[in-house]
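Below is one structure; the comments refer to it alone.
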Amino acid sequence: MGESKNLWGGRFTGKADEQFIKFNRSFSFDRRLFAVDVRASLAHCEGLHGAGVLSDDEADKIRSGLEEILRRGTLDAGYLDEIAVEDVHSFVEARLVEIAGDVGRKLHTGRSRNDQVSVDFRLWLREEIDSISQLVRAAQKALLDLADAHSSAIIPGYTHLQRAQPVLFAHWCLAYFEMLARDCERLGEARRRTNVSPLGSAALAGTSYEIDREGVARILGFDSVSRNSLDAVSDRDFCVEFAAASSLVMLHLSRLAEDIIIYTTAEFGFFELSDAVATGSSIMPQKKNPDSMELVRGKAGRIFGHNIALLTMLKGLPLAYNKDMQEDKEAVFDIVDTVSASLEVTATVLGNIRVREDVARDAAMRGYMNATELADYLARKGMPFREAHDAVGRIVLRAIERGVELQDLSLDEMRSFSNLIEEDVASALSLEETLATKSQIGGTSPARVAEALSAARASLRF
Ligand code: ARG
């Protein structure tokens, strides 16, 4: 492995400490920016050419050198291991000088690694945000497919994890769909502020060459150029925003995972996971464990950690660039990998859930979840709701004493609490009626849910 020279020859007479050299290096991880570093270098080459810094011939040589580096680095992973360098920027420059000769040394004119690393990271992240957004949409689609596969299933809805009111299973699916829809919006917002070109900010003060910053930005597909060079080289808000949006994606996946985990327990029994996404135990032969969802739930913590690490790293840094900022890479890389894998696994799990509709329906009919219905029934017949609530509370107490559900009490027994109760109470207490009455926007009535499902499909444009 060849050792390349430092990027800062002249001022230094002493040798750097070996331990420190290692500590200072980022190439083991920032090599992920290899392709974007070359692309940004190609665009900068055009900027220098346009500014008259590079002749036609020089620009040609640099261009074809960079293209060759990209080709070799893409085809042969070993190409990146052949020389020991500090970071990806020094790697590309060293290779360029090797291929193009001295003219390669001109490429760094009007540029600093400070604007270079920022432009690279923004280019890279922009594309990753796009693919994560696609994965979010794929998970949303998996939720809709699951809802469609069990379109008439009913499950108990909970508050405080106590049975509350029945809901359509599809309504539960759509709740997670909504969370992910907001996540997609947030990722899009983060992308918008990521897609700004800092190139031309140079070290901190801006460049003294007549580089057409906007032209260079257009080559790279940026929407605009940064307005302040000091800010541009020290801004990592875009990383924090991405980490925050990712934290919410993971938070939502983690809540979904938790619901799936409890619904697959024998105690709930609403879901069964297929063997494809469950594991067994090395000692207990009967076990089927939802490891896939537990890992997603567990990994959420890692992402929150990265989010806090980024904020803490940036807090209190003086303007402009500081080496602390190199710590942004591993955090963001790990977020991208972890969130992508979690979204993929979640979509797969959703495709491997069988809803035990009979068990869920049975549970939805028990636990006095139609008590609110009975109170509403009395309120509709003219009893003030507070009074109705109290009367139904007493009816529930009676049913508990008898060990039966509300619908099992005889009409006479019910009427002993209020003579507003009539024959029609039976249908009012039915599961069908309970759902059908929740017919305002956002409610769980079958008609509303069908409407929401098709709106959701349309929003995905699948
Ligand atoms: N590896 C550095 C980073 O990730 C690149 C920028 C280095 N700039 C500098 N002036 N040392 O932040």
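Whatever order the structure lists them in is the order used to number ligands and atoms, beginning at 1.
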Could you tell me which atoms of ligand 1, counted from 1 in the order shown, lie closer than 4.0 angstrom to a heavy atom of [X]?
{"X": "D87", "answer": "1 (N), 5 (C)"}
{"X": "S26", "answer": "1 (N)"}
{"X": "Q326", "answer": "1 (N), 2 (C), 3 (C), 4 (O), 12 (O)"}

### Test of ring centre spacing under 6.0 Å for W124 and F333
yes
### Query
Taking the six-membered ring for Trp, is the centroid-to-centroid distance between F169 and F271 below 6.0 Å?
yes
### Pair D102 + K61: basic N to acidic O under 4.0 Å
no
### Message
Please determine whether a side-chain nitrogen of the Lys or Arg among R191 and D223 lies less than 4.0 Å from a carboxylate oxygen of the Asp or Glu.
### Response
no
### Task
State whether the shortest distance between N or O atoms of Y321 and N or O atoms of ligand 1 falls below 3.5 angstrom.
yes
### Message
Name the residue from R218, R63, R213 that meets the salt bridge (Lys or Arg N to Asp or Glu O under 4.0 Å) definition with E46.
### Response
R63
Could you identify the single nearest non-hydrogen protein atom to [atom] and state the distance to 0.1 Å?
{"atom": "atom 11 (N) of ligand 1", "value": "R113 NH2, 3.5 Å"}
{"atom": "atom 10 (N) of ligand 1", "value": "N114 OD1, 3.0 Å"}
{"atom": "atom 4 (O) of ligand 1", "value": "K329 NZ, 2.6 Å"}

### Message
Do I62 and L96 have side chains that approach each other closer than 4.5 Å (heavy atoms only, starting at C-beta)?
### Response
yes
### Query
Which is it for E86 and ligand 1 at heavy atoms under 4.0 Å: side chain, backbone, both or neither?
neither
